[in-house]
Amino acid sequence: MNSIISKVSYLNGLVDGLKIDKSTNEGKMLIEIVNVLKSMAEEIDDMSRAQKDMEDYVDAMDEDLADLQDNLYDDDYEICKCKDEGENFTEIQCPNCNDTVYVDKDILEQREELTCPNCHSSIPIKDELKKSK
Ligand SMILES: [Zn+2]
């Protein structure tokens, strides 16, 4: 990436080494050309750094977007599943991992607690959930 800068630096050293007479028109012009090349090389270096930053930023946004899409599809799946399985199911939120668990109301009647399918900890079934039937 720094190859232009190093080439210009080499040229700059060469101009110094050749002891170009700065009082002549040719000497003035040559030194001015090298100065312009130096500015251009620095400018190009800045631009490629900025572009690299931009690429990293776009990559990060791309990953975030992919995550977001994955989550959206998960939600769609749960909504569909919920509708398909009908009215006899109720949602319980796991107090440990906050995952939503769909439970058959008949099972709720029979049991005091459930095992979370996500984190495998036990979820106590509250009495008010049983009475909701
Ligand atoms: Zn859980």
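Atoms within each ligand, like the ligands themselves, are counted from 1 in listed order.
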### Query
Listed by chain and number, what are the salt bridge (charged side-chain N to carboxylate O under 4.0 Å, His left out) partners of Lys28, not counting sequence neighbours?
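Lys28 satisfies salt bridge (charged side-chain N to carboxylate O under 4.0 Å, His left out) with no other residue.
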
Less than 3.5 Å apart, which donor and acceptor atoms pair up between the side chains of residues 15-26 and the rest of the protein, not counting sequence neighbours?
unit_1, atom_1, unit_2, atom_2, d
Asp21, OD1, Ser23, N, 3.0
Asp21, OD1, Ser23, OG, 2.6
Asp21, OD2, Ser23, OG, 3.3
Thr24, OG1, Asp21, O, 3.0
Thr24, OG1, Gly27, N, 3.0

#### Entry: Under 2.8 Å from the Zn ion (ligand 1), the protein N, O or S atoms, given as residue and atom
Cys94 SG, Cys97 SG, Cys116 SG, Cys119 SG

### Task
Group every Ile, Leu, Val, Met, Phe, Trp and Tyr by side-chain heavy-atom contacts under 4.5 Å, then state whether Leu30 and Met40 land in the same group.
no

### Task
Decide side chain to side chain contact (heavy atoms under 4.5 Å, CB included) for Ser122 and Cys116; before the verdict, give the C-alpha distance in whole Å, the side-chain angles of both, and the deciding distance to 0.1 Å.
CA-CA 6 Å; Ser122 68; Cys116 172; over 6 Å; no

### Message
Other members of the hydrophobic cluster containing Met61, with the 4.5 Å side-chain heavy-atom rule, please.
### Response
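Besides Met61, the hydrophobic cluster comprises Tyr57, listed by chain and residue number.
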
### Query
Is it true that Asp56 and Lys52 make a salt bridge, defined as a side-chain N closer than 4.0 Å to a carboxylate O?
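Looking at Asp56 and Lys52, the cut-off is met.
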
